[in-house]
J.: 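Attaching a single structure in structure tokens format; questions to follow.
Throughout, residue positions are numbered sequentially from 1 according to the sequence presented.
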Amino acid sequence: MSSGYCRDLEGWGPTSPNRIDLTPCFEYTILSTLPALLAIVGFSVRTWSLCKDGTPHELGRTKWIFWPEQGAMLFTVAVLLVRAGLIGSEDHYSPASLLSSVSMAVAWDGCCVGTFKVIFAMSLNVFEHRYEIRSSTAISCYYLLSLISGSITTRTLSEVSSGSTTTTLYYVYLGLVIVGFAIEAWPRGKTQVQQKSTASSYEKANIFSRFLFHYLQHLITDGYKRPLQATDVQGMMPPHVKTQFSYTQLSQKWDRHVAKRVAKGKKPFLFGLILKSFGFQQWTYVVFLRILASGLAFVAPQLMSTLLDFVSSYDTETPQPVALGIILAFGMFFSTIGSSIIDGQFNQRVVVMGIEARTALVSMIYRKALKLSPVAKQTETPGEINNHMSVDCERWNHAFPELPFWFSIPLEICIATWLLYRQLGWSGFGGVGAVVLVMPMQMWIAKHLSRARDEKLTAMDNRIRLINEVLSGVKIVKLYGWESSFRDKIAVFRQLELAILHRIGVIFSYMNILFSSMTLLMALVSFSLYATVGGPGFTPGEINSQTIFVSITLFGLVNRPIGMISYIMGDTIGLLVSSCRIQDYLLAEELLEDQIDRSGELPQDHSVAPIEIQDATFGWDKEHRQQEQQVDTTDDTAKGSGTTSADSTLRNITLSVDRGNLTAIVGRVGQGKTSLFGAMIGDMYKWKGTIRMSGRIAYVPQQAWIVNATLQDNVTFGAPFDKNKYERIIYGSGLKPDIEMLPAGDQTEIGERGINLSGGQKQRVSLARAAYQDADIYLLDDPLSAVDAHVDQHLWQNLIGPNGLLKDKTRLLVTHGIHHLSEVDQIVVIKDGEISETGKYQELLDARNAFYQLIQDYSVARKEKDEADCEAETIHEVKMSVSSITHQAKAEKLDEKVDNNADLTEEEAMEIGSIQWPIYKIFAKAAGYGNMLQAVALFAVIQGCQIGTNIWLQNWIKVAATSTHGIGYYMGIYTVLVVIFMGLIFCASYKIIVMACVQAADRLHSKLLTSILRMPMNFFDTTPIGRILNRFSSDIFSIDEMICWTFFDMFLFGASVIGSLVVIATTTPVFLAIVPPVFATYVLVMSYYIAASRAFKRIESVARSPMYQHFSETLSGVSTIRVVGCSQRFIDENASRSDDSSNAHFVWAMGNRWLNVRLECLGSVIVLGASVFAVLARSTLSPSMVGMSLSYALTFTQDISWLVRGMCESQFHLVAVERIDEYAKKNQEAPNLTDVALPENWPAQGRLSFKSYSTRYRQGMDLVLKKVSFEVLPGEKVGIVGRTGAGKSSLTLALFRIIEAANSHWAKASHNGADMDDDVAKKAQLAELEKVEVEEDGGSIWIDGIDISTVGLETLRQHLAIIPQDPTLFVGTVRENLDPFDQTPDSELWEALERAHLKEYISSMPGGLSYEVTQNGDNFSVGQRSLICLARALLRKTKILVLDEATAAVDVETDELIQRTIREEFKDRTILTIAHRIKTVMDSDKILVLEKGRVEEYESPSELLKRKESLFFRLAEQAGEVASV
């Protein structure tokens, strides 16, 4: 081959026998011809791919790049062809040289064989510009290969050639390649094509930008100059990662996988499916990158071994050429850079794959939540579903990058073992054997670690669920003064978490011994064997620098994969556990779509009823129970979660509702009224019979579901905005006066769960939303119970009733009132889960059954009113085509509104700039200053001990030939140093992970929890629950499990870096010359990057909250979303928020790679400096000193990267501490306890006085109560009435000090918003506020002669009793819901339940008082929850009781029973009753009438009814109660 193919004296080679170089023949063939042939194939495949699958971007062509590049390629082809012709004309030409020129010419251009045209670089360039907006990867790679090979060949030609024409032409060729490469790689960000394109920065980046992560450079630069915002990082991640693509790919495969596995009787395997979904091609590329990066890591040690040979040669008579040493030094430099770049590409790809899996799973979890069956909802609570999204899905982000190491670890171990064998012979297996012996211990540790992590997840689930419940019902918690009780309950789960964290910390401490000490243990075993019997014939081996320090480097390389096994196994097992949790959730039962014969259109035949139920039986349980049992009264909101008893059924239901009919459904509490609606919308199981629903359905649940959006958006609910239609509905819903009172009209933001609206307002918004949907069927679940009498009348006349907006629609109305029943078309009476009567009003009266008795007992004489005198106009009288003057006046009025309070929920604050030292101090204080200082000292000693082992080995090498000491002496001292090192590592790990970080986690969580529970109510009004939960989940998780490793890495690698610099500088002092510039560059890169990186992490933290908030919001309104048919809109919104979160994580992760590549390149400079200086000082340095210097230089690259990464990550994770501190520093409400001396048994009388009292919900808002003054005598019963928004509930909140007196000390001290006094832009608002008629002192409230503002909040609230408007239950037993402090014996609890008319029902439940209440109390009806709240009030032996719409959700008969109980049980107590039903307060001693926050009237009912001009008379008249007096 050499004579015929090469025709060169040096032959094939590959290395030249005369020069330190490759042979020309080898270079022409391997470096030129082979890449050209590969390029020919690659260009052809790429062209075919673009023509087949590509889509022209039609944005034009960048001519100033395209034509010069085409010209450069054309000239390159011409030069190569001329060179080939000249070579071929020579007598003794080299076929290898001719072949290289021809193949390269073909690759750059193309050729034709008959009619078959082969297109390569020039033609591919045309297609690339047509289909792609960035430079061609294929062409760029070939340019780079041509440039490298051309440079090597040019050097060779310059040495062996005599300046021939062919050589000159090759130089010209190389110049053209350089020009073409520069054109192809030229940044295209400012070109017309990329300017017009909407593609992400990643899509626009060329291959070199992606390799170096330069596409993030503009963000890094901007972040250094100014604080970055979320909008700056939008649209950065690749499009295939977005939910739209990732969900479609995974969900389709999941559906097929489940069907296939179920058919085979096997359980589906989500984890395996996700891995399989990425496809063979993607996995091949990832594994290739991982193996390539691992392989390159072994190049430097081999070059180091050769370099030590080079240095050693200067102790002989035949020293090697200096050029070889320089080449080896640069070889180490480029190998470390290459390894870094390849590793960066690997990490980029696996991070993208992890995000892709996460986005797909989040979407699958969200969609599943919309379809869960009632039984599935019993096991999958909202808190657990939230954890699937926030914890289990996030594991794919963090743990997925570890999975490909399972492919590379065996290879790394094999390569390292083989290289060790070359160095130490069979003694090298001793070190590997030591590792193998330790592996079972690693497996055992990994097993226990996995179990501990699983236990921690369970404990965290329980803690987050309980916190979520407390936050959802925080107003109730505060009204009852239960903060301490719930703090203790949460603390139980937290202490369990901390105990598990302690166990995990101990396990990790032992793991660190194995991982950190393994290199020394391997060296100890191997060197002992080698020094004793490692030579030929089991003689002592030769101890020299090459053997020792190359082996130590290899031990480090073999230790890395072996040490990673336990970590990777732990992460893999954790990922498997999370995947199984998600899998079980995805396999949970779904709602059966075929239970209801549903049609989206009304029947063509108008005589066909749109609702038809025939002999149907429904249950909340899937299995039909034959035995007759009492129907579970899980009624009203049970359909929201389906978490009810298996016996809760509707039996033998036969019902037909004609088109346009208004049907009323009546019955006592818990008889099955709402369950009937649950059956109609598919939330219950159909056991038998048929049900048909024809037409579009709108649903108004009993507990109004409000989304966090503007009032207008809540009404339109995604439908197109129609102004006339909108205004008609706003009027019909009675919302017009409310909108005029809101700060920014209908553009005012409504908080989560409608927290800034009253109960009546929320219900009317819910009604307006349903009306706006323009559906055919309306299911109205008791919407009138939450509104006042006059509003009830308005809604009936203008919206629901026979003359309302919905008069032509089919309406089913659940109602506990009876005053409208005479006007409905049909009445359905439900009793014990069956329809007992059906018919018109008069028909049922004539039948004289249960309905007749109900009417006789509870009806009142209805007032006969003239339509002309009716206060509420009908919709026909108020035409929406009002005059332009009216519209103008309204517009002017809206313009005058102050918009600054329009946004209730403030955008989440994001800190800017670096993490301040006070944050470090906060963490250090929480961890314990002593612990942190001791840890720093331990790591300094550890590094000294580690350096000591190498110094001892170096000393052994130096004196080995002359020493009189035996091997045992040197290995004995080495063993002592190793054992000390292991002990110190354990102590340092235990000190950091267990003592410091677990203590910090405990204190910071306790600090956050205490602060949150002590926040004033206005904080919860303006802060979404998802945002607070994010602190308790993601941020606490960072503190629990991430910060400890961050500080461990910082201390460990910081000490290692300092130690390495000291060793290198001591060995080669000249090295100190490059330390200042390199160190300055490190500092520059760090400071340049860290500003942007902090912002990336903060943006990522903030971006998660909206996703969790939207998810929580969805879970509480699943039924409404599904019935209205807007599931897809909510799915799209979830996808959008998930993509924003994923994009933020992508930017943060790629920012880390940007830093890592640059740091490792700088580390390579350290390697280059150490090796070059060793070459230059070859005559003065001993090989042992060079070996130690280079071994530390090679580890320095990784150590400095880990150190800087640790410093950056400390800032990232300390963002969690910063965010917790942000809440901990917020102003809290008044203290729970004060030193004011209260009389014994206070309040003993129940005397209540309001003295010129004024209040507002928070600073800067209008007053809701204005100079309210009245007095309630001991034992008096006062009814509080007024229109919606009059201030009735505000009076209750003031009594419990949920809101404070205006301008009082605590009103200001607990305010967390911006101080208006400091804002120049709000001077006009201040001027307006000064005009408000309120005294500087907002007045006071006195109870039994004590000003309640001087009493501790817990003391005050626990000495008052309330039955709240929104009856709230918490997860736990009935006993815990009645008596959370466990202070009352069971006998008293049963007595309270009996008086609340619940004893019979509770005693029938499994466990009685131990019966478990599910999430939100969903296994009790709203009415039953009200009765439990009544039982709570009965248990509190207080002199003052407040009833805030307590009977709104119960029927009139139950209402009467409750009122009778109250009259009997609370006859000696002062009672304040807020009620919509005027009848409820007619027997009160006095009536307090509120109007616009002022006391309008305050007298006995009889006195007020005597005055027909009184407001109370008008309210009673509208309610039909005048004749009853």
Side-chain angles (χ1 to χ4, degrees), residues 294-295 297-313 409-439 514 517-563 946 949-961 963 965-975 977-978 981 1182-1192 1194-1195:
S294 299
F298 289 96
V299 173
Q302 289 306 104
L303 294 175
M304 172 184 167
S305 177
T306 308
L307 185 61
L308 289 176
D309 278 340
F310 165 82
V311 174
S312 299
S313 71
I409 281 176
L411 179 66
E412 290 183 47
I413 293 173
C414 290
I415 293 174
T417 304
W418 176 66
L419 293 175
L420 278 170
Y421 178 75
R422 289 185 60 191
Q423 288 291 329
L424 299 173
W426 65 267
S427 301
F429 293 117
V432 177
V435 176
V436 172
L437 290 175
V438 170
M439 285 184 69
L514 299 178
S517 309
M518 192 55 65
T519 301
L520 296 178
L521 280 175
M522 293 170 74
L524 177 63
V525 174
S526 294
F527 292 159
S528 297
L529 289 173
Y530 182 75
T532 307
V533 290
F538 296 100
T539 59
E542 180 186 358
I543 300 297
N544 57 46
S545 58
Q546 184 177 354
T547 301
I548 294 295
F549 291 107
V550 171
S551 297
I552 287 176
T553 304
L554 291 173
F555 286 142
L557 289 174
V558 77
N559 178 46
R560 176 175 170 271
I562 293 174
Q946 199 273 339
T949 60
N950 285 331
I951 291 175
W952 183 249
L953 288 174
Q954 191 242 352
N955 177 66
W956 184 16
I957 294 168
K958 188 183 297 184
V959 300
S963 176
H965 295 291
I967 294 171
Y969 169 74
Y970 292 102
M971 295 311 300
I973 293 178
Y974 186 79
T975 302
L977 290 171
V978 170
F981 180 87
S1182 67
S1184 63
M1185 294 176 69
V1186 173
M1188 189 164 75
S1189 173
L1190 290 179
S1191 66
Y1192 274 99
L1194 286 174
T1195 59

J.: May I ask you to decide if Ala523's main-chain N or O and Ser526's side chain share a donor-acceptor pair within less than 3.5 Å?
T.: no
J.: Taking atom OG of Ser528 and atom OH of Tyr530, what is their separation to the nearest 0.5 Å?
T.: 13.5 Å
J.: Within this structure, what is the CG-CD1 distance for the pair Leu977 and Ile951, rounded to the nearest 0.5 Å?
T.: 10.0 Å
J.: How about Arg422 and Ser305: do any of their side-chain heavy atoms sit closer than 4.5 Å?
T.: no
J.: Which atom names give the shortest non-hydrogen contact between Gln946 and Phe981, and what distance separates them?
T.: CB-CE1, 3.8 Å
J.: With ring centroids as reference points, do Trp952 and Phe527 lie under 6.0 angstrom apart?
T.: no
J.: Atom CH2 of Trp426 and atom CG of Leu529: how far apart are they, to the nearest 0.5 Å?
T.: 5.0 Å
J.: Could you pull out every donor-acceptor pair under 3.5 Å between side chains of residues 412-420 and any protein atom, sequence neighbours left out?
T.:
residue, atom, partner, partner atom, Å
Glu412, OE1, Arg560, NH1, 3.0
Glu412, OE2, Ser294, OG, 2.7
Thr417, OG1, Ile413, O, 2.6

J.: So how far is it from Leu411 CG to Phe298 CZ, rounded to the nearest 0.5 Å?
T.: 7.5 Å
J.: Could you tell me the separation between the OG1 atom of Thr975 and the CG atom of Leu521, rounded to the nearest 0.5 Å?
T.: 9.5 Å
